[in-house]
Q: 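Here's a structure for you.
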There are 2 protein chains.
Amino acid sequence: MGSMLGLERQRLLLQHLRARGSGNVVDLASALGVSPSTVRRDLRDMNDRGLVTRVHGGASVADAEIEAVLAARAAQHSDEKRRIGAAAAVDVPDGATVLITGGTTTEAMLPHLAGRERLTVLTNGLNIALGLSRCPGISTVVLGGVLRHGELSLLGPLTEQALVEFHVDVAYCSAFGIHPSAGLTGADVREAGTDRRLLQGAEHLVVLADASKIGRRGPVRLAGTARIDRLITDRAAPPEQLDALRSAGVEVQVC
Amino acid sequence: MGSMLGLERQRLLLQHLRARGSGNVVDLASALGVSPSTVRRDLRDMNDRGLVTRVHGGASVADAEIEAVLAARAAQHSDEKRRIGAAAAVDVPDGATVLITGGTTTEAMLPHLAGRERLTVLTNGLNIALGLSRCPGISTVVLGGVLRHGELSLLGPLTEQALVEFHVDVAYCSAFGIHPSAGLTGADVREAGTDRRLLQGAEHLVVLADASKIGRRGPVRLAGTARIDRLITDRAAPPEQLDALRSAGVEVQVC
DNA sequence: CACCGCCTGCTCATAGTTGCGCGATTGTGG
DNA sequence: CCACAATCGCGCAACTATGAGCAGGCGGTG
């Protein structure tokens, strides 16, 4: 049964997973006529690429709706994200102009920014803007743009154009993945152009990423490791990946 | 019921909880065919992730913040506003590009726009944008700008500048007041410049105003009656004011 | 034909998950 | 306020999945 290409096998795997939403390793292996080891390798690879979510015993599709809702909810209360958000917020200099990109991880910064004075926050995320609408000490500027359906972030030429008007001291962003050689990567080509531009103009770049994003590589490159000043992540992050990132010149903060 | 995946089990758990709003550990355990210990572990995990709220004996679903905000705002809408919103939404032409300014009255249009196809909506209101984020048939463009504290609308040069890029068929707006001789007026000088510009470029202008705003005059003038094509209001509006507006060339619709 | 890289499948020590029992904690009714 | 019952968290043992390492097969290349 050697006549199956790796990519073709992964495609079948994904198809099987979509049919039921999830599946365990043994069943998938017998369904495809390969060994469980191969399935594990494939699933790990697909997990790194964000196509599926690996769980003990099998995997489930990382598909838009449920996963997004789950992630959004998780973001609001998860201890890891809260800590990451707090750590990021601490070092926001008073009087600065910062950019906070849309996303669930960055949203965790908001509670810790609430009391700040003389802060200017630029954002392309409606969730961020909403959270800041009650903070009197913070001038919030929403970069315009096209709203992605199901998401709460703004994209497109309008967003990029608006940013030209400002000087950004620090950009705080999350992304699909961060990888020692690939740098900061995104999952969606349509988002990439805007995200890239958002990060380009900033004086300093700080990445907020929970452990699941460390070592993950998406299809589009947003910024090289050289551009990344700091990474804030949680304790579950694989140490060897963090070391590699440190070697690449990224200041890594684990909390 | 031999093998059950961890994530799948939690998903079922959540589903069971949503059905009744809450549930106790033993029932959930027997419903899923696992031990109470496993349910407890799952619930603790889900509690940490903010999906549910753990209480003694069981758990209840924890609703997300943003949805709660939207629901609360939706509940605030009186019958009058709902009817006004519905009447305004009916005549939005398919395939058009419309502007909906921020505000609570205009927000009432959203439920009636949900099913539309090929519609482009421009807005400077975060509440409007938020409500449209789940509508797949509508392209939503958020005009950037500075967020007013306590409000959910965007203002400033950025907003005005963004609007230049578009051709607006119809603008739907609410305001502080509408008066036969003063026209459409606003309450806040800082908002006025932006509001004026927003309405300027539109082909047609539709005003949504409940009875309390009819005949009222604010300090700043936003648009003359000649510019106003249509006014949608409710039955409590003073008829003599409506007649005067009709004489001024405004098409008045009472609902 | 030999060499080499690559993928596959197997083995095994390790890590993770599950269910049960026990003592501690919490809620409830007298 | 106390006693009782339900529930909880934790440690334990059985079981299962996992990832790393290793041998064998396949196809391309000099």
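First the proteins, then the strands, lettered A, B, ... as listed; each starts at 1. Being a predicted model, the structure only gives us computed values, none of them experimental.
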Q: Could you give the distance from CG (A/Asp210) to CZ (A/Arg235), rounded to the nearest 0.5 Å?
A: 14.0 Å

Q: B/Asn24 CG to D/dT7 P: how many Å, rounded?
A: 7 Å

Q: For B/Leu43 and D/dC8, what is the distance between atoms CG and P respectively, to the nearest whole Å?
A: 9 Å

Q: Between atom CG in A/Leu32 and atom P in C/dG9, what is the gap in whole Å?
A: 10 Å

Q: Can you name the one residue among A/Thr105, A/Leu184, A/Leu99, A/Leu208 that meets side chain to side chain contact (heavy atoms under 4.5 Å, CB included) with A/Cys173?
A: A/Leu184

Q: For B/Arg9 and C/dG16, what is the distance between atoms CZ and P respectively, to the nearest whole Å?
A: 16 Å

Q: Calculate the interatomic distance between A/Leu7 atom CG and C/dC6 atom P; express it in whole Å.
A: 17 Å

Q: What integer distance in Å separates B/Asp27:CG from D/dA6:C1'?
A: 13 Å

Q: Strictly below 4.0 Å, N to O, side chains only: are A/Arg9 and A/Asp42 in salt-bridge contact?
A: yes

Q: What is the distance from CG of A/Leu13 to P of C/dT8, rounded to the nearest Å?
A: 12 Å

Q: Only pairs at least two apart or in different chains count here, so list each salt bridge (charged side-chain N to carboxylate O under 4.0 Å, His left out) that has a residue in residues 111-127 of chain A.
A: A/Asp94-A/Arg116

Q: A/Lys213 and A/Phe176: side-chain contact (heavy atoms from CB on, under 4.5 Å), yes or no, with the steps?
A: CA-CA 6 Å; A/Lys213 291 170 179 165; A/Phe176 175 80; over 6 Å; no

Q: Quick check on C/dG9: is either OP1 or OP2 less than 4.0 Å from any side-chain nitrogen or oxygen of A/Thr38?
A: yes

Q: Which parts of nucleotides 16-24 of chain D does protein reach within less than 4.0 Å, heavy atoms only, written one letter per nucleotide 5' to 3' as B for base, S for sugar-phosphate only and - for none?
A: -SB-S----

Q: Using modelled atom types and a 3.5 Å cut-off, is there a donor and acceptor pairing between side-chain atoms of A/Asn124 and backbone atoms of A/Leu143?
A: no

Q: So what is the end-to-end bend of the helix from C/dC1-D/dG30 to C/dG30-D/dC1, with 5 pairs used at each end and the value given to 10 degrees?
A: 30°

Q: Between B/Lys81 and B/Asp234, is there a salt bridge with N-O shorter than 4.0 Å?
A: no

Q: Send over the distance from A/Glu8 CD to C/dC7 C1', rounded to a whole Å.
A: 16 Å

Q: Main chain of A/Val34, side chain of A/Thr38: is a donor-acceptor contact present, judged purely on distance under 3.5 Å?
A: no

Q: Any chance the side chains of A/His179 and A/Gln241 put a donor and an acceptor closer than 3.5 Å?
A: no

